[in-house]
Amino acid sequence: MGKVKTLGDKRRFSATLVQQQQMNHDVYRMVLSAPEIAAMIKPGQFLQLKTGRLMDPLLRRPISIADADDGEGTLQLVYRVVGEGTKYLAGLQQGAEIDILGPLGNGFTLQGERPLIVGGGMGIAPLLYLVRALCPKPVDVLLAGREASELFWIKLFAERCQAVHVTTDDGSLGTKGNALALLPQLLAQGQYDMLYTCGPDPMMEAVAKEAAKHGVPCQVSLERYMACGIGACLSCSCGAKDGSRKKVCTDGPVFWAEEVML
Amino acid sequence: MGKVKTLGDKRRFSATLVQQQQMNHDVYRMVLSAPEIAAMIKPGQFLQLKTGRLMDPLLRRPISIADADDGEGTLQLVYRVVGEGTKYLAGLQQGAEIDILGPLGNGFTLQGERPLIVGGGMGIAPLLYLVRALCPKPVDVLLAGREASELFWIKLFAERCQAVHVTTDDGSLGTKGNALALLPQLLAQGQYDMLYTCGPDPMMEAVAKEAAKHGVPCQVSLERYMACGIGACLSCSCGAKDGSRKKVCTDGPVFWAEEVML
Amino acid sequence: MSKVDSRLAVNLAGLQLNSPVMTASGTFGFGLEFRDFLDLNRVGAVMVKGTTLAPRAGNSGQRAVETPAGMLNCIGLENPGVDKFLNETLPQLREYDTQVIVNIAGATEDEYARLAEKLTVPGVAALELNISCPNVKQGGIAFGTCPESASGVVRAVRNATDKLVITKLSPNVTDIVAMAKATVEAGSDILSLINTLIGMKIDIDRRRPVLGNVIGGLSGPAIRPVAVRMVYQVAQAVDVPIIGMGGIMTTEDALEFILAGASAVAIGTGNFVEPELAERMADELSAYLDKTGTASITELIGAALPERQTREGGGCTC
Amino acid sequence: MSKVDSRLAVNLAGLQLNSPVMTASGTFGFGLEFRDFLDLNRVGAVMVKGTTLAPRAGNSGQRAVETPAGMLNCIGLENPGVDKFLNETLPQLREYDTQVIVNIAGATEDEYARLAEKLTVPGVAALELNISCPNVKQGGIAFGTCPESASGVVRAVRNATDKLVITKLSPNVTDIVAMAKATVEAGSDILSLINTLIGMKIDIDRRRPVLGNVIGGLSGPAIRPVAVRMVYQVAQAVDVPIIGMGGIMTTEDALEFILAGASAVAIGTGNFVEPELAERMADELSAYLDKTGTASITELIGAALPERQTREGGGCTC
Ligand SMILES: Cc1cc2nc3c(=O)[nH]c(=O)nc-3n(C[C@H](O)[C@H](O)[C@H](O)COP(=O)(O)OP(=O)(O)OC[C@H]3O[C@@H](n4cnc5c(N)ncnc54)[C@H](O)[C@@H]3O)c2cc1C
Ligand SMILES: Cc1cc2nc3c(=O)[nH]c(=O)nc-3n(C[C@H](O)[C@H](O)[C@H](O)COP(=O)(O)OP(=O)(O)OC[C@H]3O[C@@H](n4cnc5c(N)ncnc54)[C@H](O)[C@@H]3O)c2cc1C
Ligand SMILES: Cc1cc2nc3c(=O)[nH]c(=O)nc-3n(C[C@H](O)[C@H](O)[C@H](O)COP(=O)(O)O)c2cc1C
Ligand SMILES: Cc1cc2nc3c(=O)[nH]c(=O)nc-3n(C[C@H](O)[C@H](O)[C@H](O)COP(=O)(O)O)c2cc1C
Ligand code: FES
Ligand code: FES
C-alpha cells in the first residue's frame with residue numbers, strides 16, 4: 001500500500017485499493033492509496049477508472065472524488081453499482097491496483113462565508129470533499145434521497161457540517177418530498193452567501209432558480225455520458241446560455257448556474 | 001470444494017479450482033473438482049472452458065483432460081500460457097469457479113496388450129490420462145520436447161509406465177533429436193501392438209508412417225482451431241482420406257491414423 | 001419454466017413459431033448436434049447450415065479466429081449437399097416440434113431454383129436464401145451486393161416453390177433499405193438480417209492472413225450495433241416480418257432487436273459460447289413478459305420505432 | 001526511449017512524419033487537450049476534429065455510448081469553425097514538431113473548396129476530406145457512399161489547394177475498392193481508412209434509441225477486422241499511400257495495419273482509454289524494430305500482401 005507508480009504519463013496513475021465498504025444494497029465506498037492524486041486533487045474534480053482487465057468494458061468510467069486526504073495519500077470514492085464497470089469495482093479486493101486518469105475537470109470555486117450545499121442521490125458524492133475544503137467555514141447541507149437507505153451520507157456529513165437537513169421522496173427520513181420541500185425556507189431563514197449543488201438535472205435546475213430568487217450565487221456540478229473525460233471526444237457537451245457549447249469534462253463538471261442550460 | 005452445480009443443461013458444469021501449480025516458465029497444472037465430469041470423461045476427450053468474466057475473450061478455449069479421478073471427483077488440466085485465455089486461467093486462485101462444457105469429443109480406443117505412446121510438446125497432456133486407463137497393461141512412452149524444461153512430464157509418467165524414453169531437440173535431456181530419432185528402434189525392438197500419438201501434425205504424420213511400416217495400429221489426436229467444440233461451426237474440419245471431411249471436435253479429436261490427412 | 005409459453009408464439013407471414021428465438025444458419029449445425037445441451041422442442045426454428053446442390057468440402061487452412069467481441073469465419077459452405085440433407089437429416093429433425101428452415105446457396109439463379117424445388121417437401125417450413133455467396137456468372141461478386149442480382153435469385157426461387165421464402169441480407173452494402181425493398185418486391189415473404197460483415201486478421205508473426213481464405217465473415221457482439229441499425233431502418237421501409245440477428249448473446253440483446261422491429265431473432269455465435277442459450281432465452285423472455293406485465297411478445301415488436309411518417313436519424317455521425 | 005527514432009520516419013507522398021503513429025480526427029480534440037498526457041512532438045501527425053466553414057453546435061441528446069469492444073458516437077461535427085481554428089488553434093499547434101492535418105466537412109462541393117482555400121496556409125500539412133457527412137444537394141445521402149459524389153468533392157478540393165489531399169473513406173459501402181480508385185483518380189494524394197460503421201443501440205427500458213441522433217458511428221476494436229480487410233484490399237488496388245485506422249489499441253494492432261499495406265496509422269478510440277498511446281506506441285515500434293532487426297518501419301509496409309498478380313480472397317465467407 002502507499003505505492004503508487006505512474007504509468008508513463010503525467011496524469012495516469014496506478015492506485016491501490018486499501019478498503020472497500022458496502023454502504024447500502026448497491027452503493028460502495030472505496031479507499032484508495034494514491035498520494036500523487038491526493039496531493040493535486042480539488043473538490044469537484046473527478047477520475048476516469050479502468051474497470052476491467054482487458055477491453056470489456058472498453059471505456060473508462062468517471063467517478064467523483066468523495067474525499068481526499070493529502071497527508072495519508074488516500075482518496076475516497078463512493079459509487080453505485082449500475083452496470084458492468086461498477087460491478088467490477090465492487091468486486092475488487094484489498095490490494096488490487098486500479099488504473100486511473102486524473103485529477104480531471106475543474107472543481108468548485110471556494111467563496112463565501114456561509115455556504116449551503118444541496119445534494120441529491122449519488123450527486124452527494126463530490127460534496128463531501130467540498131465540505132472538507134470549506135472548513136472551518138460553517139457549512140449547512142441539505143441531502144435529498146428517494147428513501148432512508150440512500151442517506152447513509154448523514155453521519156459522514158454530520159462530522160463536518162453545522163446542520164444537516166434531510167428530505168426523502170417517501171418520507172422514510174426527514175422531511176417528505178424532494179429538496180425543494182425544504183430549500184425555500186432554508187434560503188429564507190439562513191444567511192447563505194453561496195450555494196453548491198449536485199444531483200439530477202431537474203433538481204439542480206430548481207435549486208439554481210431558487211438560489212437566484214434569493215440572490216445567492218450558485219454552482220452546479222453536471223453529469224453527462226463521457227467517453228474520454230479529457231476533452232477529446234465532445235460526447236459530454238452541454239449548452240451554455242451564451243449559445244456556445246461547453247465540455248462537461250474539462251470546462252466543468254462544475255459551472256456557475258447561470259452559465260449552462262440544465 | 002467438491003460442489004459442482006450444473007448450469008442448466010446436460011453438459012455444462014461449474015467446476016471449482018482446487019489446486020494450481022506452475023510446471024515450468026509457461027506451463028501450469030490445474031486440479032478441478034468436477035465430479036460429474038470426472039464420472040463421465042474418457043481419455044482423449046476435452047473440455048471447453050470459459051476463460052473470462054464477460055466477453056473478452058468471447059469464445060471458450062479447448063483443453064484436454066490430462067487426468068481424471070472418478071473417486072475424488074477431480075480433473076487435471078495441463079496448459080501452456082499463450083494468450084489471454086490461458087493467461088486468465090493461470091491467474092485463477094483456489095476456490096474459483098470455471099464454467100465448462102464437457103466431456104467433448106471421442107476418446108482413444110483402448111486395445112492391444114503392449115501399447116506404445118508417443119507425445120510431443122503440449123500434445124503430451126491427454127496421454128497421461130490414457131496411461132491411467134490402459135493400466136495395468138505394460139505401457140511404454142516416448143516423450144519429445146524442444147528442451148529439458150518442457151519435459152516435467154517424465155516423473156508423472158514414470159509412476160505409471162514401464163519405460164519412459166525421452167528426446168529433446170537440443171539434446172538437453174535424453175536422446176538429441178525429435179521423436180523419430182528413437183521411434184524406429186523402439187518399434188523394431190518392442191513387441192508393440194498399438195500406438196497412440198499426440199503432438200504437432202508433422203510429428204504425428206511421421207509417427208503414423210513409422211507405425212504403419214511396422215504394422216502397428218495407430219491413433220492420432222488432432223488439434224485444430226475450434227470456435228465451438230461441439231460440432232456446430234465446422235471451423236475444426238480436417239480432410240479424411242476417403243475424401244470426406246471430419247470435424248475434429250466431435251468426430252475426433254482422436255482418429256485412426258489411416259482415416260485422416262495430417 | 002420448461003413448458004411452452006403461448007405468449008411467446010409469433011407468426012411470421014404464416015411461419016408459426018413457439019418461440020421467437022431461433023438459431024442462425026451455420027452456427028447450430030443441423031440442430032441434432034445440440035441435443036445434449038437443450039431441448040430442441042423449445043427452439044422456435046432451426047436454420048440449418050447453408051446447403052448446396054452438390055456436397056462441398058469447404059475452405060482449407062484455418063477457418064475461424066477470434067477478434068474483439070467477435071470472430072471471423074471462412075468455412076466455405078462445407079455441407080453434405082441437399083440430397084443427403086433430405087434423406088438423412090430431415091427425417092431426424094422432423095421428430096422435434098421445431099420449425100426447420102433450410103438456408104440455401106448457389107452459384108447461379110438456376111442452382112437456387114433447383115435447390116428450392118428439391119426442398120419443397122413436408123417438414124421444411126421455409127427456405128432462407130443466403131445471397132452473400134459469389135455469383136459465378138457475375139465474376140464472383142456476391143448476389144447480395146446489388147438489388148438486381150438479389151432480386152433475380154428471389155424471383156427464381158419464388159417461381160420454383162410455394163414454401164415461404166426468406167431472404168437473408170448481407171450487411172456489406174451501401175444501402176440496406178434498397179436491398180430490402182428490392183428483395184421484398186421480388187417475392188420475399190420474410191427478411192433475415194444480418195449476415196456477417198467481411199473482415200480479416202493478419203498474423204503479425206507470420207506476416208500472413210490468419211484465415212486460409214484470407215477474408216472471412218465477422219460475427220458476434222462486435223457487429224450488433226450495425227445489425228440493430230439495419231433492422232431498425234428496414235423495419236420502417238418494408239411490410240414483411242424481419243428475423244433479426246447479429247451478436248445476440250443475452251435476452252436483453254434479443255429484446256433490442258425486437259424493439260427495433262424484428263418479429264423473431266436468431267442466435268448465431270452465441271450458440272458456441274452457451275449452447276443452451278436458445279432454450280434459456282425463451283424462459284427469460286417469459287420472465288420478462290411477467291415482469292413487465294406484457295400479454296404477448298408481439299406487443300414489443302417495433303416498439304422503439306418512430307411513427308412511420310417521422311424520418312429519424314441520418315445526421316452527422318461524427 | 002523518448003528521442004525521435006529515424007527508423008520510424010515515413011514519407012507519404014511528401015507528407016514527412018517522425019512517427020507513423022498519428023491521432024485520428026475527432027478523437028484527439030485539437031491535440032492541445034493531450035499536453036498533460038504525452039509529448040505532442042512524438043505524435044506523427046495530429047488530425048484535428050472535423051472542421052466546417054461556420055461553427056457547429058453538434059447534435060443534442062446523448063452523444064456516445066459503449067458497445068461490445070467499441071462505441072457509438074453522434075457528436076454531429078461540433079466545432080468552432082475554420083476561422084477560429086486558423087486564428088486561435090493553429091498558432092498554438094504550430095509550436096509543436098508534429099504535422100497538422102485538418103479534417104474538413106461540408107454540405108456541398110463548394111463548401112469543401114472554400115474550406116480548402118482558407119486552409120491553404122503555412123502550418124497545415126494536409127487536408128483530410130471527411131466525406132461521410134450528408135450531402136445536402138443529394139437529399140442528405142453521404143458524399144462518401146458513391147464514387148461520383150466522392151470524386152466531385154475531391155476534384156473541388158484539388159482545384160482549390162496545392163496542399164496534400166487525403167480522402168477519408170467511409171466503410172459503409174458495397175465496394176471500397178471502387179471508392180478508393182475513384183477518389184485517387186480524382187486527385188487524392190493519400191487515402192485514410194476507415195471512418196466509422198453506422199450503428200445504433202436501443203435502450204430496452206426506455207424503448208428508445210440511446211443516441212440523440214438515433215444512429216451513430218461505430219468505432220473501436222470491434223471494427224478492426226473490417227478496417228484491416230479494407231486496407232488490405234485497397235492497398236492492392238491503388239498506388240497512393242494509405243493511413244490505416246479502426247480499432248487500434250496496441251502496437252500489434254498498428255503492425256497489423258502496416259503489414260496490410262498502410263504506410264501510417266491513426267489511433268482513434270484508443271486515445272480515450274490510454275491518452276499517451278500515440279507516444280508509447282512510437283517507443284514500442286522502435287523496440288519491435290530492434291527485436292526483429294528491421295532497419296526501417298517502411299520495410300514492413302504491405303509485407304502481408306500477396307504478389308500484386310495473385311488475386312486472393314473473395315471465396316465463401318460462411
Ligand atoms: C463526472 C462524473 C462523475 C461521476 N461520479 C460518480 C460517483 O461519484 N459515484 C457514482 O456512483 N457514479 C458517478 N458517476 C456516474 C458513473 O460514471 C456511472 O454510473 C458509471 O459510468 C456506470 O458504469 P457501468 O459500467 O457500471 O454501467 P453501464 O452499464 O455502462 O451504464 C449504466 C448507466 O450508467 C451510465 N453511464 C455509463 N457509462 C457512463 C459514462 N462513461 N459517463 C457517464 N455515465 C455513464 C449509462 O448511461 C447508464 O445509464 C459520475 C459520472 C460523471 C460523468
Ligand atoms: C482439442 C484441443 C485440446 C487442447 N488441449 C490443450 C491442453 O491440454 N493444453 C494446452 O496448453 N493447450 C491445449 N490446446 C490448445 C489451446 O486450446 C490453446 O492454446 C488456447 O485455446 C489458446 O488460447 P489463448 O486465449 O491463451 O490464446 P490466443 O491468444 O487465443 O491464441 C494463441 C494461440 O492459440 C491458438 N488457439 C486459440 N484459440 C484456440 C482454439 N479455440 N482452438 C485451438 N487453438 C486455439 C491460436 O491459433 C493461437 O495460435 C488444445 C486445443 C484443442 C483444439
Ligand atoms: C461459423 C459460422 C458459419 C456460418 N454459416 C452460415 C451459412 O452457412 N449461411 C448463412 O446464411 N449464414 C451463415 N453464418 C452467418 C450467421 O447465420 C449469422 O447471420 C451471423 O453469424 C450473425 O449472427 P451472430 O453475430 O449472432 O453470429 C455463419 C456464421 C458463423 C459464425
Ligand atoms: C467521438 C468520435 C468523433 C469522431 N469525429 C470524426 C470527425 O470529426 N471526422 C472524421 O473524419 N472522423 C471522425 N471520427 C472517426 C475517427 O477519426 C476514426 O476514423 C474512427 O473512429 C475509427 O478509428 P477507431 O476505431 O480507432 O476509433 C470520430 C470518431 C469518434 C469515436
Ligand atoms: S468526455 Fe470526451 S470531451 Fe468530455
Ligand atoms: S469446433 Fe465447431 S464444429 Fe468443431
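So that the names make sense, note that chain A is the first sequence line, chain B the second, and so on, each numbered from 1. Keep in mind it's a predicted model, so treat the numbers as computed, not measured.
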Practice task
Could you give me the CA-CA distance, side-chain angles and deciding distance for Leu58(B) and Met249(C), then say whether side chain to side chain contact (heavy atoms under 4.5 Å, CB included) is met?
Solution key: CA-CA 10 Å; Leu58(B) 177 69; Met249(C) 303 296 288; 3.7 Å; yes
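- Heavy-atom neighbours of Lys241(B) NZ from other residues, nucleotides or ligands within 6.0 Å: above the threshold of 12.
- Proximity to chain B (any heavy atom under 4.5 Å) is restricted, for Thr269(C), to the side chain, taken from C-beta onward.
- By number of non-hydrogen pairs under 4.5 angstrom with chain C, the leading residue of Asp56(B), Thr250(B), Ile230(B) is Ile230(B).
- Of all heavy-atom pairs spanning Ala227(B) and Phe272(C), the tightest one is O-CB, 3.8 Å.
- Taken to the nearest 0.5 Å, the SG atom of Cys228(B) stands 11.0 Å off from the CZ atom of Phe28(C).
- Enclosure of atom CZ in Arg207(C) by more than 12 non-hydrogen atoms of other residues, nucleotides or ligands within 6.0 angstrom is indicated.
- Ion pairing between Glu274(C) and Arg12(B) holds under the 4.0 Å rule for side-chain N and carboxylate O.
- Checking side-chain atoms of Arg11(B) against main-chain N and O of Phe37(C) turns up no donor-acceptor pair under 3.5 Å.
- Within residues 51-66 of chain C, the residues approaching chain B closer than 4.5 Å by heavy atoms are, in numerical order, Ala57(C), Gly58(C), Asn59(C), Gln62(C), Arg63(C), Ala64(C), Val65(C), Glu66(C).
- For Leu49(B), no part sits under 4.5 Å from any heavy atom of chain C, backbone or side chain.
- At a heavy-atom separation below 4.5 angstrom, chain B is approached by Met71(C), Ile75(C), Glu78(C) within residues 71-79 of chain C.
- For a residue to count as touching a neighbouring chain, one of its non-hydrogen atoms must lie under 4.5 Å from one of that chain's; by this rule Phe34(C) touches chain B with the side chain only.
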